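Presented below is the structure to which this report refers.
From a predicted model like this one, the values you see are computed outputs, not experimental measurements. Whatever order the structure lists them in is the order used to number ligands and atoms, beginning at 1.
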Amino acid sequence: MQALQATRARTLPTEWWRSAVIYQIYPRSFADSNGDGIGDLGGVRAHLDHLEALGVDAVWFNPWYASPQADAGYDVADYRAIDPVFGTLAEAEELIREAHERGIRIIVDVVPNHCSDAHPWFVEALRTGPGSAARDLFCFRPGRGANGELPPNDWQSIFGGPAWTRTSNPDGSPGEWYLHLFAAEQPDLNWENPKVREEFEDVLRFWFDRGADGVRIDSAALLMKDPALTDFDPADPPFPHPYTDRDEVHAVYRSWRAIADSYPEPRALIGEVWLPDAERFAAYLRPDELHTAFNFAFLGCAWEPDALRRVIDETMAVHAPVDAPPTWVLSNHDVPRHVTRYGRADTSFNLEYRQLGAPTDQSLGLRRARAAILLTLALPGSAYLYQGEELGLDEVEDIPEVLRQDPMFHRTQGENLGRDGCRVPMPWSGQVPPFDFSPADASREPWLPQPRAWRDRTVEAQTGDPDSMLELYRRALACRRGEPTLGDGPFAWLPAPESVLAFSRGPQGRFVCVVNLSDRAIELPVAGAVLLSSGPLDGALLPPDTAAWVSTR
Ligand code: TEU
Ligand code: CA
């Protein structure tokens with residue numbers, strides 16, 4: 001306890017996660033080094049310069065493990081191997097070393113709720129049949145109905161359709177059902193079984209021993225299930241919920257925290273925790289659990305002054321009692337890109353309503369996205385950038401149905417277009433697709449088609465253009481690095497005109513961020529030197545949908 005208090009009293013240099021800017025790499029779509037149309041580790045290693053020039057502190061990799069890729073790698077067949085489509089374990093080790101040499105930390109994705117149906121454990125479970133020890137690693141149950149022909153309960157998959165799939169017995173007769181909260185290729189593990197717990201503790205050590213500085217924990221609140229597996233109405237779920245945020249899950253993260261803390265430089269645990277209840281969310285961030293978690297309330301928030309102010313206040317209020325740094329994120333591989341969201345009449349995001357195809361004003365979206373990144377990077381705590389947002393990439397909405405890969409699209413029979421639109425491969429240089437995503441002699445096209453209009457958004461096209469999104473990101477990150485009051489630390493709202501957000505950072509409040517969400521140009525509410533603005537000022541006035549960083553000295 002004493003050591004803990006000492007740690008809390010000041011920010012140790014090792015507590016990098018309190019202030020880090022973390023860049024999310026979606027390996028399939030970052031850069032393809034061998035021309036098969038799919039991004040890989042060779043591609044990442046060839047573009048470390050981009051990350052260094054951008055000025056990020058860490059990189060989080062979406063799953064790179066051996067996987068049939070039924071859910072883009074979130075169906076893991078071997079947690080200790082790299083998928084051959086991405087490279088080898090030796091390459092991953094090299095990549096970690098090279099990134100560290102450049103002062104960039106590495107976060108890997110751990111997927112504990114489910115594995116792949118190709119994982120040896122699941123193959124064994126099917127082979128051995130009902131009642132076996134291998135089956136107890138998963139959630140197998142007999143079906144309901146006279147002949148077991150109905151699923152064990154009425155739970156629905158998060159990707160659509162039933163959350164159960166029936167198996168065949170080793171002799172070929174119809175057998176038990178197994179639970180999968182996501183796709184059928186992603187059987188849920190049974191976290192009541194100690195072997196599952198031991199396995200994941202060992203997987204954590206495996207990657208920490210190889211230099212990973214932290215883990216992002218997939219679907220972190222879903223692990224534990226009500227053993228009774230009772231039916232429920234998803235519109236009015238009981239409390240505790242049958243599979244979301246059950247109290248028993250916290251013991252898992254306490255044991256993970258002990259492992260993370262056992263390293264000379266403690267490793268960081270970052271939770272993917274989507275929960276509407278702010279206090280239940282904060283419980284994951286208690287001092288002996290996770291270090292941080294994604295702020296999906298901020299990600300989903302509309303581009304409106306009152307809503308933003310409320311979500312910022314709530315975020316800080318909820319994090320303060322557990323002394324965890326807030327995080328700020330605008331986009332990721334699961335949600336429509338924010339340039340597109342911000343160009344629509346309804347600028348919010350929620351899981352139920354994706355608004356794909358809604359009319360979009362691109363230039364308005366870009367303008368707001370520029371202001372939003374200055375807001376994001378000025379807020380206290382750490383921030384996440386999703387690859388491509390630094391280029392101002394928009395959601396690709398016209399992907400032909402035959403090319404769509406997201407199981408969400410297929411499991412809803414296309415009713416939900418899914419997440420492919422934010423996963424389109426990065427444009428690096430050149431005038432036409434694949435924009436050097438793949439080498440010139442590539443044998444395959446990129447796994448999703450890139451819009452021709454991205455020729456203006458390549459890294460090459462934007463580099464050196466002072467008005468580009470990329471140069472704004474580079475300047476903002478350089479400024480953040482040079483400004484010790486940014487990241488974790490004091491924050492205070494300042495008086496400001498209606499529909500304007502203004503706040504100061506640091507003990508003396510000498511750094512100020514102003515965001516004009518009104519429809520008229522305003523005078524800056526403080527005197528000082530403008531360090532950076534998201535768009536040109538209008539004389540001394542800050543135009544609508546524009547943000548500025550000001551040093552008041
Ligand atoms: O997402 C968890 C999750 O709940 C998502 O399905 C979310 O509801 C949806 O993607 C929002 O659009 C994680 C990963 O981030 C996601 O990519 C995986 O598909 C999922 O887990 C299963 O592993
Ligand atoms: Ca490749």
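- A side-chain donor-acceptor contact under 3.5 Å links H180 and T165.
- Side-chain atoms of T327 and N295 form no donor-acceptor pair, as typed in the model, at a separation below 3.5 Å.
- Residue E445 places its CD atom among 12 or fewer non-hydrogen atoms of other residues, nucleotides or ligands, all under 6.0 Å distant.
- No option in V249, L189, V196 other than V249 meets the side-chain contact (heavy atoms from CB on, under 4.5 Å) test with L223.
- For R97, the side chain to side chain contact (heavy atoms under 4.5 Å, CB included) partners at least two apart in sequence or on another chain are E94, E101.
- Against a heavy-atom cut-off of under 4.0 Å, Y74 is close to the following atoms of ligand 1: 14 (C), 17 (O), 18 (C), 23 (O).
- Under the rule for a side chain to side chain contact (heavy atoms under 4.5 Å, CB included), H410 has no partner lying at least two apart in sequence or in another chain.
- Minimum interatomic distance between F437 and G39 (heavy atoms only, all atoms of both residues): CZ-N, 3.4 Å.
- Below 4.0 Å from some heavy atom of S219 lie the following atoms of ligand 1, by number and element: 2 (C), 13 (C), 21 (O).
- Residue-level proximity to ligand 1 for D71 is carried by the side chain, the only part with a heavy atom below 4.0 angstrom.
- Neither the backbone nor the side chain of H180 comes within contact range of ligand 1; no heavy atom lies under 4.0 Å.
- Of the candidates Y26, F182, W274, F182 brings a heavy atom nearest to atom 20 (C) of ligand 1.
- In this structure, I158 is part of the shell of residues with a heavy atom less than 4.0 angstrom from ligand 1.
- Listed by first then second residue, pairs satisfying salt bridge (charged side-chain N to carboxylate O under 4.0 Å, His left out) with a partner in residues 289-302 read R254-E289, R286-E289, not counting sequence neighbours.
- Listed by chain and number, the protein N, O or S atoms at a distance under 3.0 Å from the Ca ion (ligand 2) are D32 OD1, N34 OD1, D36 OD1, I38 O, D40 OD2.
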